[in-house]
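Below you'll find the structure, written out as structure tokens, and then a few comments.
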Amino acid sequence: MEIEPNSIDHFKLYSQLELQEFADKFVFRSTESSTEGFSVSRYDGNIEKLNGDMSFGKPSKVSTIYGVAGTIRLLAGSHILLITSRKEVGNYLGFPIFRVMSMKFLSCNEASRHLTRQEKRDETYFMNLLTIVESTPGLYYSYETDITVNLQRRCNLAKGWMSKPVWKQADPRFVWNKNLLEELIENKLDGFIVPLLQGNILKFLSLLPYSPATIALISRRCTRRLGTRMWRRGANLEGDAANFIETEQLLEFEGFRSSFLQIRGSIPLLWEQIVDLSYKPRLNIIDHEETPKVVERHFHDLLQRYGHVIAVDLTNKQGDEGLLSAAYAAEIQKLSSVRYVSFDFHHCCGGSNFDNIQLLYDQIAEDFEKNGYFLIDTEEKIILEQRGVIRSNCIDCLDRTNVTQSYLARRSLDSQLQRLGALSSNECISMFTEDFEIFKTMWVEQGDEISLEYSGTHALKRDLVRYGKQTMTGLIKDGMSAISRYFLNNFQDGIRQDAADLISGRYSVNRDSPSPFQNNGFDSLSYLPVASALLIGGLTVTTITINQAGRNTNTILSSALCAGVIAGVMALVKSNGRQICSRPRLCGLL
């Protein structure tokens with residue numbers, strides 16, 4: 001958003017570094033101040049500040065990088081995560097925001113030759129996980145300000161807050177690389193510590209009839225229960241929900257700034273949905289004595305942070321979803337401080353009846369308007385504060401949730417624009433075709449980014465946001481995304497989950513820990529191609545023999561035998577579906 005930076009002095013990170021490679025160390029220097037920097041031993045990864053030391057001789061290689069995102073220690077040494085490419089995507093409160101375009105781990109593991117045979121196997125697996133981490137989507141940062149704290153909280157913080165190092169300004173919930181920053185923090189390298197936000201940042205300039213307005217959208221993914229769609233469901237025992245995201249819609253008009261917050265997150269019960277080769281695996285609610293406490297902990301945290309909470313449950317009321325929804329309703333209704341609203345999205349809005357979303361709004365309109373939004377004037381004086389938040393969920397908290405949140409964001413935006421005089425009391429943004437199209441596209445792109453981070457594919461139901469109905473093209477795209485999700489969930493997400501657990505610190509690597517291969521007698525990756533080959537080979541032979549079946553009795557018998565074998569293999573594959581699918585090796589579900 002094009003807003004002048006705060007007049008208070010603010011802390012600024014070094015925005016460009018020179019990486020010098022020597023035989024025994026890597027040296028990182030700021031291009032803005034060459035005496036500022038640090039070195040990392042290539043043998044064991046130990047970090048030392050330069051303290052003005054320039055006498056290292058001639059490096060074998062020199063390159064430019066745009067930040068150090070942290071370090072992680074494996075069995076043989078340390079690995080440094082570098083930001084090797086970036087793209088400026090706009091401004092937040094006047095400060096440039098960058099998107100990470102590429103990252104690379106620099107290895108300081110010369111001690112690897114001292115590992116045992118099993119340790120070398122484990123280290124190879126961990127290194128494969130780091131390769132997955134390098135391609136993590138949706139990472140953003142700023143060299144000059146924190147982007148993890150929403151505008152309302154930011155304005156309520158004490159003066160001088162922005163003079164602190166950027167990592168101290170950040171909300172730890174939304175710092176994707178929090179676990180990787182520990183060694184840099186211990187060595188007091190504040191000017192080099194880059195907190196990364198995973199989520200999405202978009203903005204556009206609206207050419208409304210009276211004066212232009214700038215609208216931005218920021219989504220912040222929580223790292224407390226980080227992971228993939230099928231391997232991180234529900235909540236953990238601490239009450240942290242999977243796929244928990246805070247989305248802030250920001251508006252600037254003639255020097256006034258406003259903010260509207262929404263949150264989403266998996267149903268905060270203990271439940272799972274283990275992949276087993278079926279298209280829609282069964283949902284399983286885990287019977288645990290701590291379940292009431294889990295729900296209470298989750299909502300207590302939300303109440304402390306956001307005020308009044310309206311929990312909007314968009315799940316189906318039949319089948320497994322219905323059982324999960326009923327269990328959620330039973331637990332949440334024990335909490336007098338939270339309002340629970342059930343809205344079966346598929347039943348009410350299916351068949352292109354998107355206008356029926358109004359039925360949901362009618363149920364919550366009074367509380368929605370009472371919660372309001374945050375607003376400050378040209379002198380940064382607080383005029384209004386948002387007093388509560390809507391927490392939306394479906395099963396994945398992706399497709400139905402994004403459609404619902406975009407509708408509520410539009411209702412809030414109309415109210416803000418009318419109050420500021422950008423629209424008259426009988427006007428709304430949907431009356432201005434070009435602006436409304438851009439607004440809807442922004443929400444579609446935001447939904448896609450969030451979906452890519454959690455499920456690995458674009459969001460479904462994008463047409464409902466963009467056009468208010470499902471189109472044939474949209475149905476085809478949804479079908480392709482659904483197929484992609486099936487493949488990723490069954491055959492790739494196990495290792496992706498391990499990468500998330502490793503990078504978030506949920507799994508710690510040390511020589512006393514059991515090998516990731518220790519409890520995995522059935523190796524899914526080795527059995528999958530064998531099962532596939534048997535199926536394809538069996539089907540091929542059966543087809544050929546059936547075509548020739550009319551020639552003699554022996555061929556008929558061969559056909560029957562092949563058909564029996566292939567049926568047996570298919571039954572074996574199905575019965576061992578959970579073992580054949582890609583499973584995490586490092587951590588359990590909770």
Side-chain angles (χ1 to χ4, degrees), residues 150 152-153 171 173-174 220-222 224-225 233-248 259-271 283 285-286 288-317 321-345 348 357 359-374 385-398 400-402 404-405 407-409 411-412:
N150 62 64
Q152 179 163 321
R153 185 180 168 202
D171 184 334
R173 294 180 301 159
F174 303 126
R220 305 174 175 102
R221 177 179 297 279
C222 182
R224 289 178 174 175
R225 190 156 167 74
R233 294 294 210 186
N236 58 20
L237 292 173
E238 289 71 40
D240 303 316
N243 201 26
F244 183 88
I245 295 167
E246 175 189 276
T247 297
E248 181 176 24
S259 159
F260 174 63
L261 286 175
Q262 297 186 78
I263 54 176
R264 69 175 77 188
S266 190
I267 291 177
L269 301 179
L270 305 177
W271 61 281
L283 300 177
I285 302 171
I286 300 171
H288 198 290
E289 62 182 8
E290 283 288 299
T291 293
K293 289 290 185 184
V294 167
V295 179
E296 184 180 337
R297 287 170 191 140
H298 177 77
F299 282 101
H300 176 75
D301 182 59
L302 298 187
L303 290 164
Q304 293 294 309
R305 294 179 185 278
Y306 299 104
H308 180 240
V309 178
I310 306 170
V312 174
D313 180 10
L314 303 167
T315 54
N316 299 341
K317 297 301 166 271
E321 283 195 25
L323 295 174
L324 182 61
S325 178
Y328 181 34
E331 290 297 337
I332 202 172
Q333 286 170 1
K334 297 174 186 177
L335 307 176
S336 59
S337 54
V338 179
R339 182 186 173 193
Y340 173 78
V341 177
S342 176
F343 183 77
D344 187 332
F345 186 96
C348 296
I357 195 77
L359 299 174
L360 169 63
Y361 184 76
D362 291 342
Q363 292 186 62
I364 64 174
E366 185 177 346
D367 283 336
F368 179 79
E369 291 169 11
K370 196 178 295 182
N371 285 344
Y373 49 86
F374 180 71
E385 291 200 65
Q386 186 171 336
R387 295 184 289 180
V389 71
I390 294 177
R391 183 204 190 278
S392 302
N393 73 267
C394 47
I395 289 297
D396 298 329
C397 302
L398 295 176
R400 288 171 278 183
T401 298
N402 204 59
T404 303
Q405 286 198 339
Y407 178 83
L408 297 175
R411 297 298 297 247
S412 180

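The structure displayed is predicted, hence computed values, not measured ones.
Heavy-atom neighbours of H308 NE2 from other residues, nucleotides or ligands within 6.0 Å: above the threshold of 12.
Looking at R220 and D171, no side-chain N of the basic residue comes within less than 4.0 Å of a carboxylate O on the acidic one, giving no salt bridge. Between E366 and R339 no salt bridge is recorded (no basic side-chain N to carboxylate O distance below 4.0 Å).
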Open item on the list: Quick one, N236 with R224, criterion side-chain hydrogen bond (donor to acceptor under 3.5 Å, both in side chains). Give me CA distance, side-chain angles, the key distance, then yes/no.
Closed with: CA-CA 9 Å; N236 58 20; R224 289 178 174 175; over 6 Å; no

Open item on the list: N243 vs R221, test: side-chain hydrogen bond (donor to acceptor under 3.5 Å, both in side chains). Steps then yes/no.
Closed with: CA-CA 7 Å; N243 201 26; R221 177 179 297 279; 2.7 Å; yes

Task: Evaluation steps, side-chain hydrogen bond (donor to acceptor under 3.5 Å, both in side chains), between Q152 and S259 - done: CA-CA 7 Å; Q152 179 163 321; S259 159; over 6 Å; no

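Annotation for R411 and Y361: closest pair NH2-CE2, 3.2 Å, computed over non-hydrogen atoms. Across R391 and S266, no two heavy atoms sit closer than the pair NH2-O, 2.7 Å. Between Q262 and Q405, the closest heavy-atom pair is NE2-O, 3.0 Å. Of all heavy-atom pairs between T404 and L314, the closest is OG1-CD1, 3.3 Å. Contact detail for I395 and R233: the closest heavy-atom pair is O-NH1, 3.4 Å. Considering all non-hydrogen atoms of both residues, I285 and L323 come closest at CD1-O, 3.8 Å.
S337 meets the side chain to side chain donor-acceptor pair (under 3.5 Å) test with no other residue; sequence neighbours excluded.
Ring planes of F260 and F368: perpendicular class, angle over 60° (limits at 30 and 60°).
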